[in-house]
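Have a look at the structure below before the remarks.
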Amino acid sequence: MINEKRFTKEMELAIYKEWKDSNAFGFNEHSKKTIYSIDTPPPYINSPIHMGHASTYAIMDFIARFRRMLGEEVLFPLGLDQNGLPIEISAEKKYKVDFTKITREKALEYCRQLLNETTATSMDSFFKCGIGFASWKEGEKIGEIYQTDSPSYRALTQATFIDLYNKGLIYEANKVVNWDPKLQSTIADAEIIYEDRPGFFHDIIFKVKGTADKVIIGTTRPELICTCEMVIFNPEDKRYKHLEGKTLLTPIYNKEVKCKSHPAALMDKGTGLEMMCSYGDLADIRFFMEQGIKGKVAIGKDGTLNEHAGFLKGMKIKEAREKMIEELKTRGLLDKITPTAAHRTPISERSGTAIEFIEMPEYYLKQMDYKDKMREIAHKVNIFAPQSRQILLDWIDSVSIDWPITRRRYYATEVPAWYCKKCGTIALAEKGKYVQPWKDAYKGKCKKCGGTEFRGDERVFDTWFDSSISPLYILGYERHPEFYKKNIPCSLRPQGKEIVRTWLYYTLLKDYLLTGKIIFKDAWIHHHIVTDDGTKMSKSKGNILDPQKIIETLGTGAFRMWCAIEGNLDKDDFRCSMERIEGAGKLLEKLWNVSKFVSMFELTKEQEKNAELMEIDKWALAEVDKLVEEAHTRYLQYDFHTPVVRIINFVRDEFASHYVETVKRRAYNNDPVVKFSEAERNGAVKTLRESLRTILELLYPVNPAMTSFIYKELFTEEIISKPWPKMNGVKSKLNGAELVLFNSAVWKAKKDAVLSLKDPVKKAIAPKTLAPVEAELKAMHNIQKVEFRGNESIVEAK
RNA sequence: GGGCUCGUAGCCUAGCGGUUAUGGCACGACCCUUACAAGGUCGGGGUCGUCGGUUCGAAUCCGACCGGGCCCACCA
């Protein structure tokens with residue numbers, strides 16, 4: 001019998017602790033059961049976990065627990081992504097250091113220090129969310145916690161580089177890259193965001209060679225006139241028809257550039273004449289490739305202009321622009337300056353700095369040759385919800401250059417390569433060992449010239465190059481070959497929609513190139529957590545909800561319940577507020593109270609045998625059967641929302657309010673007037689207990705702690721070892737809706753007559769179908785005379 | 001510009017071709033009822049964004065428009 005008035009946070013945490021201490025969800029790699037593997041998203045651990053993390057992990061935990069109930073061996077590891085710029089940036093901020101000004105060793109130390117401090121906090125949050133990971137211990141075994149900065153993970157990243165390089169899928173090239181002048185590193189397209197920043201058109205004057213004619217060209221980047229290689233206008237633009245094929249002279253530099261028509265120029269932008277500069281973005285690079293022109297790069301690694309810019313050499317962009325404007329004005333070459341419509345500027349997502357386009361040698365992974373294959377893969381992976389597939393397809397369509405995989409930063413996996421000082425030939429590391437070429441010497445001879453002196457590569461990999469092998473890592477690729485072979489592909493990749501273009505895409509791409517396989521069967525794409533009115537949560541708006549605080553005040557149960565209720569993938573983003581989570585908590589309180597009631601009744605084995613189900617019992621059991629079936633179908637589709645809403649509505653609106661209320665007197669069986677047989681009394685208790693048992697089992701994946709507690713009290717069994725419930729197959733002809741209506745009619749009549757609920761009802765007419773419930777209805781409402789006819793409920797209270 | 005998605009009572013939401021449109025919050029009234037007063041019961045409150053179309057019948061299907069949100073791409 002449950003005596004506690006409420007299920008408290010302390011009781012909840014005690015259960016999580018027990019599971020953690022007993023390693024209740026440990027993974028047995030030798031199990032004969034079907035293995036269900038979850039490629040958990042390794043979250044960046046450099047800050048306390050946010051709502052997105054908490055809800056993603058909670059829902060993954062629903063999936064893991066449900067799959068265990070189905071009799072599967074669930075591989076649900078905790079991974080921690082601990083590479084890359086965000087960690088460096090927080091370390092620089094926290095310890096007030098500039099990594100470009102200290103030694104590389106020192107920088108790495110700061111990163112490790114930061115990670116040590118933050119890991120514990122995040123782990124604690126996951127624990128408090130009630131996540132049942134396969135292990136809470138860091139290690140090399142399948143299912144143990146992995147970190148992407150561990151020597152073993154980094155060794156695997158390096159091994160994949162070596163394999164892909166040897167397959168000819170990775171090459172080094174000197175190309176124009178997205179350069180972040182603040183971080184001093186190349187970044188990928190996926191790391192660029194766009195911000196509206198005010199810009200200005202500078203209308204500058206070009207001369208037409210061999211004539212006295214002048215033309216006016218609008219540009220937002222006057223400091224880059226030196227890189228102008230061509231001027232274009234739209235073929236439809238009659239204003240400039242006469243310039244076709246003419247040669248123009250750039251102002252100040254007096255460089256000869258061709259002028260021609262090209263559809264890339266828009267008539268209504270600027271003056272309609274566009275200066276094509278090789279500073280460009282990807283569109284410009286495409287244009288230059290098409291025109292067969294090799295442009296000049298005028299911006300250096302440090303973000304200042306180089307010798308190509310002549311008198312602007314050594315200046316930063318902003319300074320150079322001002323200087324150029326001044327110079328143009330002096331020479332009378334500036335017509336006017338007008339503000340542009342909000343100009344979308346490419347910004348480095350990691351540092352917030354405007355990126356520049358400069359030429360650097362970097363390694364690239366081929367992806368342009370595999371776009372069709374990627375489209376095919378995108379169609380073959382089961383995506384939940386299916387409409388999220390479009391995000392992936394759109395991204396594949398927009399990929400325009402191979403993936404630059406190297407970065408010039410520090411806290412990341414190093415490129416495992418050295419170069420012969422004599423002939424420059426590359427020497428790759430041996431697979432399986434983590435190497436740091438910037439400090440480890442290469443022990444060997446150059447294959448080409450026999451030289452023994454090597455220069456270690458100083459670059460590191462893009463973090464997505466690490467995290468895109470997480471499914472391979474968790475399945476033991478190269479480390480546990482037998483297990484790996486038996487268990488690829490991974491069953492499920494859960495992740496957020498904002499990283500479809502990075503994590504999902506890069507993983508499918510890289511793992512396909514490595515293994516020739518589609519690396520997971522299902523991908524579950526999470527939406528964003530937004531505020532109550534549907535806007536984004538952001539620090540600047542101050543509308544962030546902290547999951548740590550929510551759990552502290554409302555409890556994990558309420559939080560997880562909210563995740564299920566709100567988590568409809570077919571719809572929009574998930575709306576979140578304290579009120580919504582509180583509402584979810586109230587539903588749990590109802591379940592708790594019903595359970596307290598049911599826990600008052602017990603049945604001996606003999607009583608259980610001597611139990612006779614009455615019509616309303618059959619009705620309750622039949623309703624529960626429907627829930628079992630629906631939950632099974634839907635949970636398999638990763639839909640917890642639909643069945644959980646239905647279950648909880650049933651518990652509150654039908655089971656508690658009507659079934660329990662109606663059979664209460666039979667269960668007590670001490671009514672002075674209406675007597676039930678012992679078998680009928682036992683039937684009520686049996687139904688109460690069995691219905692509740694199933695309901696608890698259905699809700700266990702979502703709310704493991706409370707259901708487990710109640711289950712133990714009522715049935716002295718551990719819910720975590722129970723399989724998915726079977727249907728009991730009971731059928732009933734009782735119309736539940738009519739029962740609800742009849743009860744309401746009685747309650748209303750008593751209220752209208754200002755009677756207590758205990759007071760007798762003189763006469764009632766109930767729908768014919770309720771005749772089998774006569775005795776209970778009489779006892780419940782204290783009805784003196786009841787007739788069953790028609791389908792209406794008519795009550796005369798006095 | 002492209003993709004996804006949503007407009008149902010003051011706020012949030014279910015329904016997604018078929019009686020009188022579901023539930024919650026808030027509001028009002030009543031009730032200590034052998035689970036639950038941090039509760040229960042009853043009630044008031046709606047031209048289902050707008051305009052057209054399909055249909056015997058539309059919140060539901062189709063089209064156009066208006067408005068919100070999120071993601072992405074692109075530009076001098």
Side-chain angles (χ1 to χ4, degrees), chain A residues 1-2 5-6 189-190 192-194 199-203 217-222 224 231-232 264-266 268-277 280-284 340-346 385 387-395 397-398 400 496-501 525 527-528 530-536 565-566 568 570-573 575 577 579-580 582-587 589-601 642 645-646 649 652-653 656-657 660-661 664-665 667-668 670 688 743-752 754-759 780:
Chain A
M1 172 139 159
I2 301 171
K5 194 161 168 60
R6 284 196 184 82
D189 290 357
I192 298 174
I193 53 168
Y194 290 85
F200 294 92
F201 271 122
H202 303 76
D203 287 355
I217 297 176
T219 177
T220 54
R221 304 291 303 263
L224 292 171
V231 170
I232 59 170
L266 303 175
D268 55 352
K269 284 265 171 145
T271 61
L273 282 172
E274 180 178 2
M275 178 173 101
M276 297 308 287
C277 293
D281 51 23
L282 296 174
D284 290 339
T340 61
H343 177 62
R344 301 211 76 186
T345 312
Q387 49 270 48
S388 295
R389 174 174 285 114
Q390 199 56 43
I391 304 174
L392 179 59
L393 289 168
D394 287 350
W395 176 248
D397 285 343
S398 68
S400 62
K497 68 176 176 186
E498 75 284 1
I499 50 173
V500 164
R501 64 186 181 141
I525 309 299
H527 288 297
H528 288 147
V530 297
T531 64
D532 215 6
D533 60 4
T535 56
K536 202 176 172 173
I565 291 169
E566 185 63 32
N568 183 357
D570 286 333
K571 283 272 181 90
D572 222 341
D573 289 330
R575 296 188 177 206
S577 68
E579 290 72 31
R580 281 171 194 252
E582 216 177 330
K586 283 189 180 164
L587 297 173
E589 214 162 289
K590 185 50 100 178
L591 181 66
W592 179 253
N593 286 322
V594 170
S595 303
K596 265 178 76 174
F597 172 73
V598 176
S599 80
M600 291 163 63
F601 303 97
T642 313
V645 167
R646 204 148 308 194
N649 283 348
R652 186 190 54 201
D653 302 333
S657 310
V660 169
E661 289 298 340
K664 210 177 231 185
R665 275 89 195 160
Y668 285 118
N670 57 6
L688 283 168
N743 285 337
S744 288
V746 177
W747 287 324
K748 183 168 160 47
K750 285 191 179 180
K751 191 194 158 184
D752 290 347
V754 201
L755 291 175
S756 149
L757 289 182
K758 275 191 292 194
D759 289 335
M780 173 185 184

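Excluded from the calculations below are hydrogen atoms, water molecules and symmetry mates; all remaining heavy atoms, backbone and side chain alike, are included. Quick note on labels: first sequence line is chain A, next is B, and so on, each numbered from 1.
Per the geometry, CG belonging to A:L587 stands 13 Å off C1' belonging to B:rU13, to the nearest Å. Taking atom CD1 on A:I391 and atom C1' on B:rC71, their separation rounds to 6 Å, with Å as the unit. Between the CH2 atom of A:W592 and the P atom of B:rA37 there is a distance of 14 Å, rounded to whole Å. For the pair A:D394 CG and B:rC72 P, the computed distance is 11 Å after rounding to whole Å. With rounding to whole Å, A:L393 atom CG is found 14 Å from B:rC71 atom C1'. Per the geometry, NZ belonging to A:K5 stands 10 Å off P belonging to B:rG39, to the nearest Å. Going from atom CZ of A:R646 over to atom P of B:rU13 covers 18 Å, rounded to whole Å. Nucleotide B:rC72 holds its P atom 9 Å from the NZ atom of A:K497, rounded to whole Å.
Taking the P atoms as reference points, B:rG7 lies 25 Å from B:rG57, given to the whole Å. Of the P atoms belonging to B:rA9 and B:rC4, the separation is 26 Å, rounded to the nearest Å. Taking the C1' atom of each, B:rC48 and B:rU34 are spaced 45 Å apart, rounded to whole Å. B:rU5 and B:rG44 have their P atoms separated by 37 Å, given to the nearest Å. Rounded to the nearest Å, the gap between the C1' atom of B:rA59 and that of B:rG15 is 8 Å. Only the P atoms considered, B:rG68 is 23 Å distant from B:rA73, to the nearest whole Å. Nucleotides B:rG49 and B:rC6 have their P atoms positioned 13 Å apart, rounded to a whole Å. Taking the P atoms as reference points, B:rA58 lies 15 Å from B:rC51, given to the whole Å.
Put simply, A:R501 has a side-chain N or O that comes within less than 4.0 Å of OP1 or OP2 on B:rC72. Considering only side-chain N and O atoms, A:K590 lies under 4.0 angstrom from the phosphate OP1 or OP2 of B:rG40. OP1 or OP2 of B:rC42 lies within a sub-4.0 Å distance of a side-chain N or O belonging to A:S744.
Judged as a salt bridge (Lys or Arg N to Asp or Glu O under 4.0 Å), and not counting sequence neighbours, A:E582 has no contacts. Remark: A:N743 pairs with A:H658, A:H781 by the side chain to side chain donor-acceptor pair (under 3.5 Å) rule, at least two apart or across chains. Partners of A:K748 under the salt bridge (Lys or Arg N to Asp or Glu O under 4.0 Å) rule, at least two apart in sequence or in another chain, are A:D752. Applying the salt bridge (Lys or Arg N to Asp or Glu O under 4.0 Å) test to A:R646 and every residue at least two apart in sequence or in another chain returns A:E630. A:D759 meets the side chain to side chain contact (heavy atoms under 4.5 Å, CB included) test with A:L755, A:S756; sequence neighbours excluded. Taking A:D653 as the reference, A:N649 meet the side chain to side chain contact (heavy atoms under 4.5 Å, CB included) condition, with sequence neighbours excluded.
Annotation: side chain of A:M780 is not in contact with side chain of A:K664 (no heavy-atom distance under 4.5 Å). A 4.5 Å side-chain heavy-atom check between A:I525 and A:L392 finds every atom pair outside the cut-off.
Residue contacts for A:S657: at a heavy-atom cut-off of 4.0 Å it reaches the sugar-phosphate backbone alone, with no base atom in range. Within 4.0 Å of A:E661, counting heavy atoms only, lies at least one base atom of the nucleic acid. Here A:I2 lies out of heavy-atom contact (under 4.0 Å) with every strand. As judged by a 4.0 angstrom heavy-atom cut-off over every strand, A:S599 is placed among residues making no nucleic acid contact.
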Under 3.5 Å, sequence neighbours excluded: what are the donor-acceptor pairs made by side chains of residues 594-601 of chain A?
| residue | atom | partner | partner atom | Å |
| --- | --- | --- | --- | --- |
| A:S595 | OG | A:L591 | O | 2.7 |
| A:S599 | OG | A:I2 | N | 3.0 |
| A:S599 | OG | A:K596 | O | 2.8 |

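Going from atom NE2 of A:H202 over to atom CE of A:M275 covers 10.5 Å, rounded to the nearest 0.5 Å.
The partner of B:rC70 is B:rG3, judged by Watson-Crick or G-U wobble contacts that both fall below 3.5 Å. Using the Watson-Crick or G-U wobble rule with both distances under 3.5 Å, B:rA59 pairs with nothing in any strand shown. Base-pair partner of B:rU22: not found among the strands shown (Watson-Crick or G-U wobble, both distances under 3.5 Å).
Nearest-nucleotide assignment on RNA chain B puts the 5′-proximal partner with A:S595, out of A:N743 and A:S595. In terms of position along RNA chain B, the nucleotide closest to A:F597 lies nearer the 5' end than the nucleotide closest to the other residue of the pair A:K748 and A:F597.
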Got a list of protein N/O to nucleotides 25-30 of chain B N/O distances below 3.5 Å?
| residue | atom | partner | partner atom | Å |
| --- | --- | --- | --- | --- |
| B:rA29 | N3 | A:K751 | NZ | 2.9 |

Any N/O pairs under 3.5 Å between the protein and nucleotides 22-24 of chain B? List them or say none.
| residue | atom | partner | partner atom | Å |
| --- | --- | --- | --- | --- |
| B:rG23 | O2' | A:R652 | NH2 | 3.3 |

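Remark: the A:K596 side chain and the B:rC36 base include no donor-acceptor N/O pair separated by less than 3.5 Å.
Residues A:D394 and A:Q390 bring a donor and an acceptor atom of their side chains to less than 3.5 Å of each other.
The backbone N or O of A:E661 lies less than 3.5 Å from a partner atom in the side chain of A:R665, making a donor-acceptor pair.
The nucleotide whose nearest atom lies closest to any side-chain atom of A:W395 is, among B:rU34, B:rG39, B:rC72, B:rC72. Side-chain atoms of A:Q390 lie closest to B:rG3 of the nucleotides B:rG3, B:rC42, B:rU34.
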